[in-house]
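Inspection log for the structure reproduced underneath, given as structure tokens.
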Amino acid sequence: MASDRVDTSVQVLEVSGERQERLRYELKRLPWIPVVIIFLMVFAAIFAPLIAPHSPTKQSLRDKLQPPAWQEEGSAKHLLGTDILGRDILSRLIYGARVSLIVAFTALLAGGAIGGVLGLLSGYAGGKTDTFIMRAVDATLAFPTILFALLLAVTMGQGLQTVVLAVTLILWARFARVTRGEVLGLKDNDFVALAHVHGCSGTRIMFVHIMPNVFNSFMVMLTLHVGLVILTEASLSFLGAGIPPPTPSWGQMVADGRAKVATAWWISIIPGVAITMVVIAFNVFGDWLRDRLDPKLRQL
Amino acid sequence: MQKYILNRLLQGIVLLFIVALIVFALARATGNPADLMVPEDATEEERQFVERNLGLDRPYHVQLFVFLTGIVRGDFGDSIVYKKPAAELFFERLPNTLKLLPLSMFIAISVAIPLGVVAAVKRGTWIDQVAGAIAVFGVATPNFWIAIVCIYIFSVWLDVLPPGRMGGPLHYILPAFTLGTFSIAGIMRLIRSSMLEVLDTEYVKLARIKGLQEWKVFWKHCLRNALIPVLTLFGVFVGGFVTGAIVTETVFAWPGIGRLTIDAVAQRDFPLLQAVILLDAVIILAVNLMVDILYAYINPRIRYD
């Protein structure tokens, strides 16, 4: 094992070897399949026009209801088959990934920001502010997400903004609750007291001293909620209160095939598989991130 | 205890008030609510008539007062499409939805409790992993899609169950199953974690030391105590049930409140939607309140929080 004659350079080498070992270990533990699925989805969403074999909206009644390529009557022209209007399902899936990710990205950004700031405020200020914000959080969480979204869809009209707004309205409460809990655990620490003694303002303590410490849980929350947002958007689109028809979205694709399950199962089943796979991928990845960055969130 | 109940009751009323306020504000924030209250092809005169009739030409605080007192009296306005009081429609349809509740709960519980208990007892083994995988799938699979897959398997492929609509006992199986899957993953995870906690306590260790049969320890001593936190899940279950009913009843053409909600959305019947949402909120809050009270009754430590 270790001998006295080992000089420093070898020690350095040993240390870096250990680090490499650790990196290799981390990479081995990385959930590769979910990472690949997430990467594929993001790639498909960004480069949709380049990789989609057909237009997602172009109807061609001559090609309608073609089964996927591996079925007997299927052809290589439409790998995953076509729907009732003869639209290529693969291309619609690729463009649908776009819609899902846009909704997830904007809603999480907005909901996370609002919830994060309100949670900081609620946890740090305490007292009446805390009670007020937490009551609002309770009210939001007591109310089923879908009802909120349906209400918005009728009052504002259907569309991307409505879906994003509806999801944001739900997400902020979850983020606010978790952030508040984190802040409550942090604010009695000595470093906060020290900042206070140094004459830092409340705003400065909140944003400069406390916020960076909440950041890890915040990132974990973000990843763990991507799946939820994608599912919510899909449910809304399925119910006809989400993204309006010409734009392809996964939930709406499942709804399109509903009446044709008996003869053309692929129209409904394939987008559902896509939703499930992507949501599992994001959830597993989120779990991994949580275990890496913030194991105490596990109790949630 | 009385103080606790009163406190929770007040909280519930405040929550309900906030929900009503949100509905009120949304109808007005996005333009003239009269547009939402009349059919889309209404003439200008009809619109003004409705506006005057509903008091929409009066100041907001008066409107809010009228709106809130209406709710207290149980008057939620008339549905545009059905030309009937919205609350009446809601209570006509409610029994159909409630008929699905017992079976779907039975399905959820009879799958989730054994799985959760076994996963906790055989922690770390393949059984635990299978249970975990079921939970992962349960959370990630869209329920409307599960419903369609069920129709494909049982109605199209095997041709043993009807694909929808109300009817004989067989008609209940698929909708109830779909509704049950909404909460299987959640209940299972909760049972597993609370079982793990109970398994670690002194009295369980004592029971095992004194040589009680293992299955008796697990299924009697542990499960009974592990079930206490699960009571809260009933509240969660009902919340999920309302959401689940919307999706399930849409897929299976089931004439309950979920279907009523979607019809109200599709036909832009705002007074009906408003009533359904508020009444749903009342039900969810009432159930949660009952669960909280029952919980405090069983577990006195809660009351001092």
Side-chain angles (χ1 to χ4, degrees), chain A residues 135-136 138-158 162 169 227-228 230-241 250-251 254-255 257-258 261-263 265 267-284 287 298-299, chain B residues 11-12 14-19 21-23 26-31 33 36 133 136-137 139-149 151-152 155-157 163 193 235 239-244 246-247 250-251 258 261-262 264-270 273-274 276-277 280-281 284-285 288:
Chain A
R135 275 296 94 80
D138 286 343
T140 322
L141 290 179
F143 198 60
T145 320
I146 297 238
L147 290 182
F148 233 139
L150 294 177
L151 190 67
L152 279 178
V154 170
T155 48
M156 286 175 60
Q158 263 176 271
T162 315
L169 276 175
L228 184 81
I230 291 178
L231 272 182
T232 311
E233 183 270 318
S235 306
L236 285 175
S237 298
F238 174 80
L239 291 172
W250 292 354
V254 176
R258 197 153 65 90
V261 206
T263 48
W265 57 269
I267 306 176
S268 283
I269 307 288
I270 290 175
V273 173
I275 299 172
T276 309
M277 263 170 45
V278 163
V279 174
I280 290 182
F282 274 108
N283 287 353
V284 172
D287 282 342
R298 190 175 261 198
Q299 278 109 38
Chain B
Q11 277 179 16
V14 170
L15 286 184
L16 208 58
F17 176 73
I18 296 177
V19 171
L21 216 58
I22 292 172
V23 173
L26 270 181
R28 280 150 187 87
T30 49
L36 296 168
V136 167
F137 265 94
V139 170
T141 329
N143 298 86
F144 53 87
W145 183 69
I146 288 190
I148 291 175
V149 171
I151 293 182
Y152 183 65
S155 308
V156 177
W157 196 30
S193 64
F241 189 79
V242 169
T243 314
I246 294 177
V247 171
T250 306
V251 177
T261 318
I262 289 303
V265 172
Q267 294 159 332
R268 299 186 55 84
D269 192 342
F270 187 76
L273 183 65
Q274 173 178 292
V276 170
I277 285 173
D280 276 345
I284 293 169
L285 286 173
N288 277 310

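Just so it is clear, the structure is predicted and the values come from calculations on it, not from any experiment. Each chain gets a letter, A, B and so on, in the order the sequences are listed, and its residues count up from 1.
- Looking only at heavy-atom pairs under 4.5 Å with chain A, the residue among B:I18, B:I148, B:L16, B:V23 that has the most is B:I148.
- Distance check, rounded to the nearest 0.5 Å: CD1 of B:I146 to OG1 of A:T276 gives 7.5 Å.
- For the pair A:L239/B:T250, a side-chain contact is recorded, criterion being any heavy-atom separation below 4.5 Å from C-beta on.
- Taken to the nearest 0.5 Å, the CG atom of B:D280 stands 12.0 Å off from the CD1 atom of A:I146.
- Using a 4.5 Å cut-off between heavy atoms, A:V273 touches chain B through backbone and side chain atoms alike.
- Only the side chain of B:V242 comes within contact range of chain A, with heavy atoms under 4.5 Å apart.
- B:V251 places a side-chain heavy atom less than 4.5 Å from the side chain of A:F238.
- Among B:L273, B:T261, B:V265, the one residue that satisfies the side-chain contact (heavy atoms from CB on, under 4.5 Å) test with A:L151 is B:L273.
- For the pair A:L147 and B:I246, the minimum side-chain heavy-atom distance is below 4.5 Å.
- In terms of heavy-atom pairs under 4.5 angstrom with chain B, the leader among A:V278, A:V284, A:L231 is A:L231.
- The most heavy-atom pairs under 4.5 Å with chain A, out of B:T243, B:I151, B:N143, B:V276, come from B:T243.
- Surrounding CZ of B:F137 are at most 12 heavy atoms belonging to other residues, nucleotides or ligands under 6.0 Å away.
- Within the 4.5 Å cutoff, the side chain of A:L150 has heavy atoms near those of the B:I262 side chain.
- Here A:S235 is the residue among A:G227, A:A281, A:P271, A:S235 with the most heavy-atom pairs under 4.5 Å with chain B.
- Within the 4.5 Å cutoff, the side chain of A:F148 has no heavy atoms near those of the B:I277 side chain.
- In this structure the side chain of B:W145 never reaches within 4.5 angstrom of the side chain of A:I275, judged on heavy atoms.
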